[in-house]
Amino acid sequence: MQVHGKPYRTVWIDSETDSVEIIDQRKLPFEFKTVSLSSTSEAGIAIRDMWVRGAGCIGAVAAHGMLLAAKECLAKTTNTSDFDHLFRQKGEELCSTRPTAMNLRWAVERQLRECGSVSLLEEKVTRAREVAHEIADEDAEWCRLIGENGLPLLEEIFEKKGGQEPLHILTHCNAGWLAFVDHGSATSPIYAAHDSGIPVHVWVDETRPRNQGARLTAWELGQHGVPHSVIVDNAGGHLMQQGLVDLVITGTDRTTYTGDVANKIGTYLKALAAHDNGIPFFVALPSSTFDWETRDGVGEIPIEERSPAEVTHLSGVDAQASDSEETEIRLGPESSAARNPAFDVTPSRLVSALITERGVCEANEEAILSLFPEKREAR
Ligand code: MRU
């Protein structure tokens, strides 16, 4: 996607320095900055402390972190089994940074598998570099296909409401290109519709506590010229009752092979409200976000608990100040306790359809495995 007219991905390798470069999401939308990662532990910090975030982006940065890990292993040992042992340890370190995110483990395991099948140590590093590129390219292409496959759903709803009035789409959190390598998951059909001339308007949930909607989704949509309005998270139900939402599309951090969807906290409430108002609730995801082992999302997906400070404090720029320096404020009594579950699980019965790179399917085991038959065979 373009930033100030220049094409960017969220993660790439600098061809001159061989360093891993990322878009640093912490300062957006106030400042656009890129950062170099030079070690596995820096890649881990970037994922854990949310310099990067979002399913596909976390996976791609982890894949690049494993390239840094391979280089570190090569500098430490000349022995293959020591290399593999150390490489695995570094992979586990990366996986422990965000427990709910599926793409993280998926990318690390793919690197371990691919590099494990090569015996020469230098070749393991070469393979790690190739796999990092492959994962990034694949993520971008899969997200592009999600747009292509989701577009007919939006066209149909637009035509049903007369083919004139803007299509009002509600989204939660950021499942845009910043959350992937390019295009995004939830945003990809939105960009495709906008680019094809359908008038779209997006209701952007601000997404407390970290406001990824207000900060990131709103910024991205603005960069692409997509009309949008930021709303407080609690406004969605009311807007749906008033007939002001035609469909909901969200991303997901992990979806079970039975169709239960883990996503940013608050997604479940949007799905309940959409269900009550007869509004389609779509979830867009690349296949790398499916959890092929877990049957019961509500009972089995580990939900990351983040710092209570994200609930009790808020940061932004001082509207009166002339610079874009961020400040933090406390919202309530210092003595009050807070809890901060970062994700929730929307049961499959509330999901109208899943939009994937292979096509659109219902959120149930049979439909998902029909789209990914190789996973049925592997069971
Ligand atoms: O806590 P975050 O920002 O890493 O949250 C993850 C997400 O970006 C969302 O849950 C998103 O909607 C799905 S991932 C594309």
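These numbers were taken from a predicted model, which means no experiment stands behind them. Ligands are counted one by one from 1 in listed order, and the atoms in each one are counted from 1 as well.
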query: In terms of ring plane angle, is the pair Trp219 and Phe32 parallel, tilted or perpendicular, where the classes change at 30° and 60°?
result: parallel
message: Using 30° and 60° as the class boundaries, would you call the ring planes of His201 and Trp203 parallel, tilted or perpendicular?
response: perpendicular
Provide the number and element of each atom of ligand 1 under 4.0 Å from a heavy atom of [X].
X	answer
Met50	1 (O), 2 (P), 3 (O)
Gln212	1 (O), 2 (P), 3 (O)
Ala175	15 (C)

Which heavy atom of [X] sits nearest a heavy atom of [Y], and at what distance?
X	Y	result
His228	Gly222	CE1-N, 3.6 Å
Lys270	Met240	O-CE, 3.8 Å
Ser39	Leu68	O-CD1, 3.5 Å

message: If you count every heavy atom of other residues, nucleotides or ligands that lies below 6.0 Å from Glu155 atom CD, does the total exceed 12?
response: yes
query: Do other residues, nucleotides or ligands put more than 12 heavy atoms under 6.0 Å from the NZ atom of Lys76?
result: no
Please report which non-hydrogen protein atom sits nearest to [atom], along with the residue it belongs to and the distance in Å to one decimal place.
atom	answer
atom 6 (C) of ligand 1	Asp253 OD1, 3.0 Å
atom 9 (C) of ligand 1	Cys173 SG, 3.3 Å
atom 1 (O) of ligand 1	Lys264 NZ, 2.7 Å
atom 11 (C) of ligand 1	Asn263 OD1, 3.3 Å
atom 3 (O) of ligand 1	Arg53 NE, 2.4 Å
atom 15 (C) of ligand 1	Phe180 CE1, 3.3 Å

- prompt: When you look for heavy atoms under 4.0 Å from ligand 1, do you find them on the side chain of Ala55, its backbone, both, or neither?
  reply: both
- request: Give the contacting part of Asn174 toward ligand 1: side chain, backbone, both or neither, where contact means a heavy-atom distance below 4.0 Å.
  value: backbone
- prompt: Between the main-chain N or O of Tyr268 and the side-chain N or O of Asp344, is there a donor-acceptor pair closer than 3.5 Å?
  reply: yes
query: Can you check whether Pro280's main-chain N or O pairs, donor with acceptor, with His275's side chain at less than 3.5 Å?
result: no
May I ask whether [X] has any heavy atom positioned less than 4.0 angstrom from an atom of ligand 1?
X	answer
Thr250	no
Arg210	no
Arg98	yes

